[in-house]
2 protein chains.
Amino acid sequence: MPYTKICINLNPFSFDFNLLKPHIALLSEWGFYFMAKKRVSIKDIAKALGVSITTVSFIINGKAREQRISDEVTQKVKKYIKEVGYKPSHIAQSLRLGKSKIIVFMAEDISNQFFASIARFIEERAYKSGYKIIYCSTDNNFEKAKELISTFKRRNVDGFIITPTPNIEESIHDLIEEEFPVVLFDRWLPEVNCSYVIVENKESAYEATQHLIEEGCKNLAFVTVESDQTQMMDRSSGFTEAVKESDVNAFEFRLKFHNLSEVGPYEELLDFFKSKKEIDGVFFATNYLAFEGLQALDTLQRSIPHDVKVVSFDDHYFFNLYKPKITAIEQPLELLSEKLMETMLSHLDELNLGYSPVRLVLPNKLNKRESTEN
Amino acid sequence: MPYTKICINLNPFSFDFNLLKPHIALLSEWGFYFMAKKRVSIKDIAKALGVSITTVSFIINGKAREQRISDEVTQKVKKYIKEVGYKPSHIAQSLRLGKSKIIVFMAEDISNQFFASIARFIEERAYKSGYKIIYCSTDNNFEKAKELISTFKRRNVDGFIITPTPNIEESIHDLIEEEFPVVLFDRWLPEVNCSYVIVENKESAYEATQHLIEEGCKNLAFVTVESDQTQMMDRSSGFTEAVKESDVNAFEFRLKFHNLSEVGPYEELLDFFKSKKEIDGVFFATNYLAFEGLQALDTLQRSIPHDVKVVSFDDHYFFNLYKPKITAIEQPLELLSEKLMETMLSHLDELNLGYSPVRLVLPNKLNKRESTEN
DNA sequence: CAAGTATGCTAAAAGGTTTTATCTAAAATT
DNA sequence: AATTTTAGATAAAACCTTTTAGCATACTTG
């Protein structure tokens with residue numbers, strides 16, 4: 001909201017607009033333009049009403065009684081504020097109070113359904129508490145995340161909700177050292193003493209794998225991406241553990257990291273399934289992999305669940321729509337978001353009280369679907 | 001980033017930490033805590049280097065030469081800044097300059113794939129230009145949107161990107177009057193002279209309907225929601241026009257607005273399709289409706305594309321994955337976001353130059369898929 | 001009646017920038 | 001020699017709040 005530097009302050013009670021008209025006309029001819037409405041500040045209110053800034057501020061902040069401002073003055077000020085529609089400048093408050101009431105939400109990719117859903121829940125909760133959310137996507141790229149963290153520090157954001165990228169430990173550590181509230185999610189950093197909210201990756205992977213085994217699979221595949229982040233490691237070890245406990249064969253297939261220009265995961269998976277004809281059960285470590293894998297299996301005419309049984313981590317609307325329906329591990333999105341914000345807000349409340357991290361691991365739900373064979 | 005009020009400023013060049021140790025120990029015993037690192041301000045730099053704040057500011061902002069600051073001083077300051085890792089406070093800058101470098105993205109629902117994708121593209125573009133994005137979801141609710149706009153005004157956001165809700169005209173009008181840059185998308189407001197970026201709803205609906213007719217459909221259904229917003233009206237009129245030009249029957253089915261608690265669209269659609277057995281072609285006005293409709297058709301055992309041919313507005317990853325693949329109108333998400341930000345940034349540049357709205361209507365792409373009958 | 005307390009309000013500092021106007025000393029021009 | 005220009009820097013205002021400390025005046029209290 002820009003306004004010209006030449007600014008005529010008008011007392012709305014004592015001014016005759018007609019006096020001004022010829023001057024405005026002249027100014028307009030000179031190429032100036034006239035701002036009818038300058039944003040009114042606390043100072044303007046004080047001046048207009050002949051009281052001090054302090055008084056107005058106290059009244060605005062509900063401290064009138066406490067500060068022994070007379071009812072008469074209080075009413076006068078309140079009335080005027082309503083009249084001119086005054087709203088305090090959030091920026092000035094931020095500067096004064098050192099709080100911006102902004103939380104940053106650093107997702108891996110905000111357009112991904114999982115993160116977008118969480119974004120929605122978080123937004124809801126944050127706005128209720130007077131916080132706004134700035135989002136950004138790290139692409140799981142360390143450099144980018146580091147850069148983002150640094151620019152957000154400058155913005156005096158009040159807290160960080162982050163899906164940590166690889167190698168980000170030091171930046172997170174610094175953040176905590178500087179007393180920024182930080183909550184990680186989806187994955188965590190064993191080397192950093194930081195709050196996080198994650199799900200039972202290992203347990204659910206174990207359960208899902210067992211499910212495949214119970215369904216009679218003998219040759220299991222675990223399809224994942226090249227990553228040593230906790231969520232992937234845990235899913236992997238859940239799978240491995242379940243496999244060890246029974247006498248089935250297991251294959252682990254790690255997709256290379258993909259740039260969009262390279263050959264896609266679909267082709268890679270096609271090759272993989274072609275080369276392992278014996279596979280009769282697949283565990284996809286993410287739903288994205290599952291979507292690609294399902295296409296590959298379809299191309300190869302392996303029917304689900306007859307020839308191959310499939311389970312995916314991270315449920316999706318489509319797994320229920322797809323024919324056949326696909327069994328998947330559902331993460332408790334709403335609860336997760338709820339806990340994320342709860343943790344964040346409690347950290348924000350307890351600033352100065354020292355840092356005691358909260359670590360939450362939430363249970364998932366295995367939605368078994370292949371029995372519902374339509 | 002809080003710090004205690006008792007703050008000992010240390011000149012990092014001339015202080016011996018050992019001198020301080022016993023005092024810190026004592027303070028700690030008293031319950032104080034010690035901040036190793038206070039955020040350094042421009043003032044600290046000036047004091048430490050024995051120059052004025054102005055000088056430092058000029059150097060930081062690349063105006064050293066212009067303001068005839070000697071190279072000697074410039075180098076000294078720059079070196080020191082690098083040493084202490086000084087970064088200007090964005091809040092203070094915002095206050096001073098009246099710009100927050102924040103754009104707000106008001107979507108109908110940020111967790112919806114369409115909006116989430118746009119959010120991602122917009123983010124990319126914004127960050128490149130030094131802007132951050134705050135998002136929020138209006139739920140297409142007028143009250144909520146109005147409230148959000150008002151709180152964002154206080155935040156001195158620099159611009160608004162909005163999917164307008166019904167009845168929001170006045171708020172948008174006020175926003176423009178107050179010289180906030182505003183760009184609408186997905187739909188627009190005929191009564192407000194405001195920039196927007198939308199797609200060719202009518203043209204594409206016409207084309208898609210024609211496609212159904214060409215494929216031999218004789219009894220067409222148009223499935224939409226109760227809404228008089230432009231995007232829906234245009235899709236509807238595109239359908240109607242195509243129908244009029246040929247001799248097919250047409251049914252328009254408008255779903256009631258749903259609260260989550262009510263009976264779902266699935267049941268409603270089931271009833272609809274049951275009652276109109278002659279329908280052999282369906283145009284869904286949104287992909288959400290299509291997903292629900294596909295399930296209903298599946299339940300009724302109407303095979304696609306044999307018994308019924310289907311087209312949906314707004315393409316989706318899943319339409320390509322579904323069996324059979326579903327024909328859909330693909331909106332140019334990336335281009336749309338690109339134009340959205342381009343418009344916004346140009347408005348931000350041209351502030352003060354008066355308001356000349358930009359109106360863009362982008363073409364879609366009809367992805368015909370039922371021929372690919374796998 | 002002196003001392004203390006309650007009442008009603010305000011001045012001024014602080015928070016961190018940017019920018020305008022100004023200042024001094026030296027150099028260049030009359 | 002007197003005047004103007006330039007180089008090199010700076011003081012202070014402005015952006016808009018919140019909050020601490022304090023100032024009169026009027027009322028209690030011992």
Side-chain angles (χ1 to χ4, degrees), chain A residues 1-7 9 38-47 49-77 81 84 86-101 153-156, chain B residues 1-7 9 38-77 81 84 86-101 153-156 158:
Chain A
M1 216 175 31
Y3 28 90
T4 54
K5 296 278 163 144
I6 299 171
C7 199
N9 271 316
K38 175 187 174 291
R39 190 187 167 120
V40 28
S41 78
I42 214 171
K43 198 165 154 190
D44 301 324
I45 298 173
K47 203 180 287 175
L49 260 41
V51 295
S52 80
I53 292 178
T54 315
T55 305
V56 179
S57 176
F58 283 145
I59 293 168
I60 290 167
N61 294 303
K63 296 185 184 165
R65 182 125 292 157
E66 179 189 329
Q67 295 288 338
R68 296 166 312 202
I69 308 295
S70 68
D71 273 8
E72 187 199 357
V73 172
T74 305
Q75 288 318 313
K76 185 172 71 174
V77 171
I81 283 177
V84 297
Y86 166 79
K87 295 277 163 63
S89 150
H90 222 285
I91 297 229
Q93 287 179 325
S94 295
L95 181 60
R96 174 63 230 235
L97 301 175
K99 313 247 148 281
S100 61
K101 287 277 180 178
K153 275 190 196 171
R154 295 220 275 151
R155 295 240 170 199
N156 280 61
Chain B
M1 214 176 33
Y3 28 89
T4 55
K5 297 278 163 145
I6 299 170
C7 199
N9 272 316
K38 173 186 175 293
R39 190 188 168 121
V40 27
S41 78
I42 213 172
K43 200 164 154 190
D44 300 325
I45 298 174
K47 203 180 287 175
L49 260 42
V51 296
S52 79
I53 292 178
T54 315
T55 304
V56 178
S57 176
F58 283 145
I59 292 169
I60 289 167
N61 295 302
K63 297 186 183 164
R65 181 125 293 156
E66 179 188 331
Q67 294 289 337
R68 296 169 311 202
I69 309 295
S70 68
D71 274 8
E72 186 199 358
V73 173
T74 305
Q75 289 317 315
K76 185 171 70 176
V77 172
I81 284 177
V84 297
Y86 166 79
K87 295 278 161 65
S89 152
H90 222 285
I91 298 231
Q93 286 179 325
S94 295
L95 180 61
R96 174 63 229 229
L97 300 175
K99 312 247 149 281
S100 61
K101 287 278 180 178
K153 276 190 196 171
R154 295 219 274 152
R155 295 243 170 196
N156 279 59
D158 289 348

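The shown structure was predicted, so the numbers you read here are calculated from the model rather than taken from an experiment. Here is the naming used below: chain letters follow the sequence lines, and residue numbers restart at 1 for every chain.
When the P atom of C/dG8 is taken as reference, atom CG of A/Asp71 falls 9 Å away, rounded to whole Å. A straight line from CG of A/Asn61 to P of C/dC9 spans 17 Å, rounded to a whole angstrom. In this entry the distance linking CD1 of B/Ile42 with P of D/dA14 reads 19 Å, nearest Å. Taking atom CD on B/Glu66 and atom C1' on C/dT19, their separation rounds to 11 Å, with Å as the unit. A straight line from CG of B/Asn156 to P of D/dC16 spans 9 Å, rounded to a whole angstrom. Between B/Arg155 atom CZ and D/dC16 atom P there is a gap of 17 Å when expressed in whole angstrom units. Separating the CG atom of B/Leu49 from the C1' atom of D/dA9 is a distance of 14 Å, rounded to the nearest angstrom.
Within the 4.5 Å cutoff, no side-chain heavy atoms of A/Phe58 are placed close to those of A/Thr74. For the pair B/Ile60/B/Ser57, no side-chain contact is recorded, criterion being any heavy-atom separation below 4.5 Å from C-beta on. With contacts defined as side-chain heavy-atom distances shorter than 4.5 Å, the pair A/Ile59/A/Val73 qualifies. In this structure, the side chains of A/Val51 and A/Lys76 come closer than 4.5 Å at one or more pairs of heavy atoms.
A/Ser41 comes within contact range of the sugar-phosphate backbone alone, with a heavy-atom separation under 4.0 Å but no base atom that close.
The side-chain contact (heavy atoms from CB on, under 4.5 Å) test with A/Tyr86 singles out one residue from A/Val56, A/Ile45, A/Val77, and that residue is A/Ile45.
Residues that satisfy the side chain to side chain contact (heavy atoms under 4.5 Å, CB included) test with A/Ser94, not counting sequence neighbours, are A/His90, A/Ser100, B/Ile91. Remark: B/Lys101 pairs with no residue by the salt bridge (Lys or Arg N to Asp or Glu O under 4.0 Å) rule, at least two apart or across chains. Partners of A/Arg65 under the salt bridge (Lys or Arg N to Asp or Glu O under 4.0 Å) rule, at least two apart in sequence or in another chain, are A/Asp71.
In terms of position along DNA chain C, the nucleotide closest to B/Leu95 lies nearer the 5' end than the nucleotide closest to the other residue of the pair B/Lys63 and B/Leu95. Mapping B/Val51 and A/Tyr86 onto DNA chain D by nearest heavy atom places B/Val51 at the nucleotide closer to the 5' end.
The nearest pair of heavy atoms linking B/Ala46 to B/Ser52 is CB-C, 3.8 Å. When all heavy atoms of B/Arg39 and A/Asn156 are compared, the pair lying nearest together is NH1-OD1, 3.5 Å.
In this structure, A/Ser57 does not reach the D/dT17 phosphate: none of its side-chain N or O atoms is under 4.0 Å from OP1 or OP2.
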With the criterion being N/O to N/O and under 3.5 Å, what pairs connect the protein with nucleotides 11-14 of chain C, and how long is each?
from, atom 1, to, atom 2, distance (Å)
C/dA11, N7, A/Thr54, OG1, 3.1
C/dA11, N6, A/Thr54, OG1, 2.9
C/dA12, N6, A/Thr54, OG1, 3.3
C/dA14, N3, A/Arg96, NH1, 3.3

Under 3.5 Å between N/O atoms: give me all the protein pairs with nucleotides 5-8 of chain D, atom names plus distance.
from, atom 1, to, atom 2, distance (Å)
D/dA7, N7, B/Arg68, NH1, 3.4
D/dG8, N7, B/Arg68, NE, 3.4
D/dG8, N7, B/Arg68, NH2, 3.3

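Rounded to the nearest 0.5 angstrom, A/Asn61 CG and A/Lys63 NZ are separated by 5.5 Å.
Across residues 87-94 of chain A, A/Ala92 each have a non-hydrogen atom less than 4.0 Å from an atom of DNA chain C (numbered order).
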